[in-house]
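Have a look at the structure below before the remarks.
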2 protein chains.
Amino acid sequence: MARDDDGGREDPAAAAASHLPLARFLPYRLSVLSNRISARIADLYERRFDLTLPEWRVMAVLGEAAADDRPMSAQEVAQRTAMDKVMVSRAVARLIAAGRVDRAVAADDRRRSVLTLTAEGRHIHDAVVPLAQAYERALLDRLSPRDRAALDRVLSSLEGVDLAPLGRDVAAFPPPGDGDSDTDAGPGNG
Amino acid sequence: MARDDDGGREDPAAAAASHLPLARFLPYRLSVLSNRISARIADLYERRFDLTLPEWRVMAVLGEAAADDRPMSAQEVAQRTAMDKVMVSRAVARLIAAGRVDRAVAADDRRRSVLTLTAEGRHIHDAVVPLAQAYERALLDRLSPRDRAALDRVLSSLEGVDLAPLGRDVAAFPPPGDGDSDTDAGPGNG
DNA sequence: GGCAGATGGTTTCATTTGAAACCAATTTAG
DNA sequence: CTAAATTGGTTTCAAATGAAACCATCTGCC
């Protein structure tokens, strides 16, 4: 009621104000770009190394860990790859089956596994790394040095945020006209 | 042979050169950030409007189309949302079932559908738009004006590219041991 | 010691997703 | 005009995914 409810008549100005050009919406652009890049990389790894992206991420962090001679548990892998533990579990399972990763049991805690690259795993790792770097370079080469630096700052800024706080003020908006306020309740009708 | 193949001995310098800090790898950072943002937005829409992200994208472009009084086919929606036609078909089906979108048959081509927002659809659309804008603003507010502008340039630069050409030089790297060289003979490679 | 959580990791189950098969309408070739 | 090829869109099927249930171990507490 208190809402500016025009009964179907379209004021051009209001219409202009109330539509969102998806192609200029940051989260959308980010998502599309990121998905295209990921798909391209995934395709590359898949074709050349029979390696999925989750698998590669695991190998990448295990490669880092090896460089520091600091083996990793699955949980640590999960944190450092931004994947959940289910995905890590599955990726590791495939990698072990393929002989690319080795799993031992931690001495101090027999639940925890200790993951390392096998020799073959390291070999593949060392072959993928330059590919990945070349791909990244190909992307960055399209940007000016200033923009590269700005991009790095932007990513760092946004990575740090919890994003939940961002949602907070946004979430303060009232739900739409209908009185069905339980839509934000249970998983039921969803 | 030309390859620097150390038989298991680890030269610290070589090791350092051959590991990739995932947390600094652009495609990875982009993917993680984008997924976090998308998940947050999806959650918001879901809770408040019982609306999935694909559904919202469809509504968004239909809202744009309506502003121009230029209804859209499913295919056009697919292009403008960067989704494939299967996903559009499903999203549209749900939206029609929910009474948020209306489908007619094109006069000149009876295969083509003509999609428009219903009154209710428009109502929801108009409620979501400011939410989306607020969210975007909350993100952008964390960046300096210069970095905002740079981000826009960066996205525009990378959006334009096919990304396949990027893969070209990258794909020139020789595959590892196995001689399966037809893996790069994909259809669109060129 | 022993029992109630917590934690590391895997498995099960339902949902989501994409590829390919498919149907219907249209266009092109002959 | 008819047959093949194309295009718009939906459905089917198999694989990927996430949530929750699940085992095994460990920790805290009595």
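Protein chains get the first letters and strands the later ones, always in sequence-line order, with residue 1 at the start of each.
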So A:R48 and A:V128, do their side chains get closer than 4.5 Å, heavy atoms only? no
Does a side-chain heavy-atom distance below 4.5 Å link A:V105 with A:V114? no
In short, A:E136 meets B:L26 closest at the heavy-atom pair OE2-N, 2.8 Å
Stepwise salt bridge (charged side-chain N to carboxylate O under 4.0 Å, His left out) test for B:R24 and A:D152: CA-CA 9 Å; B:R24 259 132 207 113; A:D152 189 65; over 6 Å; no
If the condition is salt bridge (charged side-chain N to carboxylate O under 4.0 Å, His left out), which residues does A:E64 pass it with, not counting sequence neighbours? A:R80
In terms of side-chain geometry, is the basic nitrogen of B:R47 or B:D43 positioned less than 4.0 Å from the acidic oxygen of its partner? yes
What is the distance, to the nearest angstrom, from the CZ atom on B:R94 to the C1' atom on D:dG9? 16 Å
I need the residues from residues 82-90 of chain B with at least one non-hydrogen atom less than 4.0 Å from DNA chain D; give them sorted by number, or say none. B:K85, B:V86, B:S89, B:R90
Please name all residues satisfying ring-ring contact (aromatic ring centres under 6.0 Å, His included) with A:F25, sequence neighbours left out, ordered by chain then number. none
Heavy atoms from other residues, nucleotides or ligands near CG of B:D69 exceed 12 (cutoff 6.0 Å): no
Please check: side-chain N/O of A:S113 versus main-chain N/O of A:R103, any donor-acceptor pairing under 3.5 Å? no
Walk along DNA chain C from 5' to 3' and tell me the first and last nucleotide with an atom closer than 4.0 Å to a non-hydrogen atom of chain A. C:dA6 to C:dT12
Could you pull out the protein-nucleic contacts involving nucleotides 25-29 of chain D (nitrogen or oxygen on both sides, under 3.5 Å)?
| residue | atom | partner | partner atom | Å |
| --- | --- | --- | --- | --- |
| D:dT25 | O2 | A:R111 | NE | 3.4 |
| D:dT25 | O2 | A:R111 | NH1 | 2.9 |
| D:dC26 | OP1 | A:R110 | N | 2.6 |

I would like to know whether B:H123 and B:R100 meet side chain to side chain contact (heavy atoms under 4.5 Å, CB included); could you show each step before the answer? CA-CA 9 Å; B:H123 213 78; B:R100 293 166 173 186; over 6 Å; no
Measure the angle between the two terminal helix axes of the helix from C:dG1-D:dC30 to C:dG30-D:dC1, five base pairs each, and quote it to 10°. 10°
Which residue, A:W56, A:Y45, A:F49, forms the ring pair (Phe, Tyr, Trp, His ring centres under 6.0 Å) with A:H125? A:W56
What do the steps show when you test B:R57 against A:S31 for side-chain hydrogen bond (donor to acceptor under 3.5 Å, both in side chains), and what is the final call? CA-CA 12 Å; B:R57 283 188 182 178; A:S31 169; 3.2 Å; yes
